[in-house]
Amino acid sequence: MKKTIAFLLGTLFAAAALAQSWPQRPVRFIVPFPPGGATDISARLLGEKLSQIWGQTVVIENRGGAGGGVGAAEAARATPDGYTLFFPSGSVVTANQHVYAKLAYDPDKDFVPITKVVAGPQVLTVAASSPFKTVKELIDHARANPGKVTFGHAGIGSQTHLAAENFVWQAKIDALAIPYKGEGPGLAAAVAGETNFFLGNVAAALGHITSGRLRAIGVTSRDEAAQLPGVPPIGKTIPGFENTGWFGLVAPTGTPRDIVQKVYRDTKKALEASDLRGRLYVQGLAPVGNTPEQMAKEMKQESALWARVVKERKIEVR
């Protein structure tokens, strides 16, 4: 009995010592989308701050494809020692399992939640040369031309895809989805006029909007977004419409709990820094920093919601 207690105490002390000394080398954030999207922007902003806290470089590795599935599969296979963490958008770990008949990862079994890092609304955009000035004009045109209006997204099952499908569904229009290998390429296609509209995250679309390359005609938040004054909520045209995206951190299953807790605490500390909060605000993002337990509960609830939406919209990849 004494030997068992001594062993357990020794294991606990060893785990605590590991967390205190971690990290002793660079930490890798796998981002499952190409550079330029909101997931990538969020990861880089947090990574820069955590590099200062940890005294170690946070390396951002972009692994786009399959609606975030390529990066997720790589992260799931990573050694669970805290040196590889996964930075997905919410849909990658709450919706893809309902969209894809076959996944190379299991969001529930392969990852443990750490924290939701940031959240923010999406913005409905059209090319600067587009004739559509309002959400109503776009909807009216789509209803008059069923199946001819197109929208881009960051990959089937991605956050931007689901937000757009939700819009199409609630607007009662027939529109054609065009997948791209990430939010950045999807926005570039919208700028070029390859698609009629793009419902992207504010953080990714803001630069295109302020430069005049894209026109913002609606936001998915209940109220106007402070970063986009004068752009009305889509809910004013489609009563009750609202959509929020989020980006967070999870770790491969088996990662020591003390390291998970340390990453959570340090991320929360980073998000409390006024300089980072200011940079996030400019991007249309709000810090979250909830506990691993809270994140797990919210992911479960969100997964159930997307299961219903995916079924209603008949979104499926075999």
Side-chain angles (χ1 to χ4, degrees), residues 37-38 91 95 119-154 156 158-180 183 185-246 283-286 305-306 308-310 312-315:
S91 63
Q122 288 103 5
V123 56
L124 181 58
T125 60
V126 297
S129 58
S130 171
F132 309 123
K133 302 293 196 300
T134 66
V135 174
K136 185 178 185 302
E137 288 178 2
L138 173 62
I139 291 174
D140 288 347
H141 177 81
R143 288 176 178 169
N145 299 272
K148 294 184 179 180
V149 168
T150 60
F151 65 91
H153 58 77
I156 297 173
S158 65
Q159 202 154 254
T160 57
H161 179 213
L162 294 174
E165 289 284 4
N166 193 14
F167 167 73
V168 167
W169 180 37
Q170 294 198 44
K172 297 180 174 61
I173 60 176
D174 180 11
L176 179 64
I178 309 295
Y180 290 88
E183 191 170 8
L187 282 164
V191 169
E194 293 177 14
T195 54
N196 294 114
F197 71 89
F198 192 94
L199 216 168
N201 295 290
V202 171
L206 199 56
H208 293 295
I209 295 168
T210 55
S211 68
R213 294 189 294 269
L214 285 177
R215 179 186 304 130
I217 60 175
V219 291
T220 64
S221 48
R222 188 174 302 174
D223 302 306
E224 281 189 13
Q227 297 80 4
L228 295 168
V231 180
I234 295 172
K236 287 194 172 182
T237 304
I238 307 174
F241 182 88
E242 187 177 359
N243 218 94
T244 301
W246 62 267
Q283 296 291 338
L285 296 166
L305 168 65
W306 286 126
R308 293 194 295 271
V309 172
V310 166
E312 289 285 344
R313 291 293 301 146
K314 297 180 173 62
I315 305 168

query = Is any side-chain heavy atom of Thr160 closer than 4.5 Å to a side-chain heavy atom of Gln122?
reply =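 Counting from C-beta outward, Thr160 and Gln122 never come under 4.5 Å.
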
message = With a 4.5 Å cut-off on side-chain heavy atoms, are Ile217 and Thr134 touching?
response =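 Heavy-atom side-chain distance check fails, nothing below 4.5 Å.
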
Heavy-atom pair of closest approach, residues [X] and [Y]:
| X | Y | answer |
| --- | --- | --- |
| Val191 | Ala127 | O-CB, 4.0 Å |
| Ala163 | Asn243 | CB-ND2, 3.7 Å |
| Gly230 | Glu224 | N-OE1, 3.1 Å |
| Tyr180 | Thr195 | OH-CG2, 3.7 Å |
| Ser211 | His208 | OG-O, 3.0 Å |
| Val168 | Arg313 | CG1-NH2, 3.7 Å |

Could you state the interatomic distance from [atom1] ([X]) to [atom2] ([Y]), rounded to the nearest 0.5 Å?
| X | Y | atom1 | atom2 | value |
| --- | --- | --- | --- | --- |
| Arg222 | Glu242 | CZ | CD | 4.5 Å |
| Leu206 | Leu228 | CG | CG | 5.5 Å |
| Ser91 | His153 | OG | NE2 | 11.0 Å |
| Thr125 | Arg213 | OG1 | CZ | 12.0 Å |
| Thr220 | Ile238 | OG1 | CD1 | 11.5 Å |
| Ile173 | Phe167 | CD1 | CZ | 5.0 Å |

Chi angles and distances behind the side-chain contact (heavy atoms from CB on, under 4.5 Å) call for Gln283, Gln227 = CA-CA 8 Å; Gln283 296 291 338; Gln227 297 80 4; over 6 Å; no

request  = Under the side-chain contact (heavy atoms from CB on, under 4.5 Å) rule, what do His161 and Ile315 come out as? Steps first, then yes or no, please.
outcome  = CA-CA 10 Å; His161 179 213; Ile315 305 168; 3.7 Å; yes

query = Is Lys148 atom NZ crowded by more than 12 heavy atoms from other residues, nucleotides or ligands, each under 6.0 Å away?
reply =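 At most 12 heavy atoms, drawn from other residues, nucleotides or ligands, come within 6.0 Å of this atom.
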
request  = Count the heavy atoms of every other residue, nucleotide or ligand shown that sit under 6.0 Å from CZ of Arg143, and state whether that count exceeds 12.
outcome  =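 Yes - once you tally the heavy atoms of other residues, nucleotides and ligands closer than 6.0 Å, there are more than 12.
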
message = Check whether Gln159 reaches the backbone of Trp246 with its side chain - one donor and one acceptor, N or O, closer than 3.5 Å.
response =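 A pair under 3.5 Å: yes.
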
ask   = Within the side chain of Arg215, is there an N or O that forms a donor-acceptor pair under 3.5 Å with the backbone of Phe132?
value =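 Yes, the answer is positive, given that a donor and an acceptor are paired below the 3.5 Å cut-off.
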
key: By side-chain contact (heavy atoms from CB on, under 4.5 Å) - contacts of Thr244 (at least two apart)   =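 side-chain contact (heavy atoms from CB on, under 4.5 Å) list for Thr244, sorted by chain: Ala119.
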
Name every donor-acceptor pair, under 3.5 Å, that has one atom in a side chain of residues 196-203 and the other anywhere in the protein, sequence neighbours excluded.
from: Asn196; atom 1: OD1; to: Thr150; atom 2: N; distance (Å): 2.8
from: Asn196; atom 1: OD1; to: Thr150; atom 2: OG1; distance (Å): 3.3
from: Asn201; atom 1: ND2; to: Glu183; atom 2: OE1; distance (Å): 3.1
from: Asn201; atom 1: ND2; to: Glu183; atom 2: OE2; distance (Å): 3.3

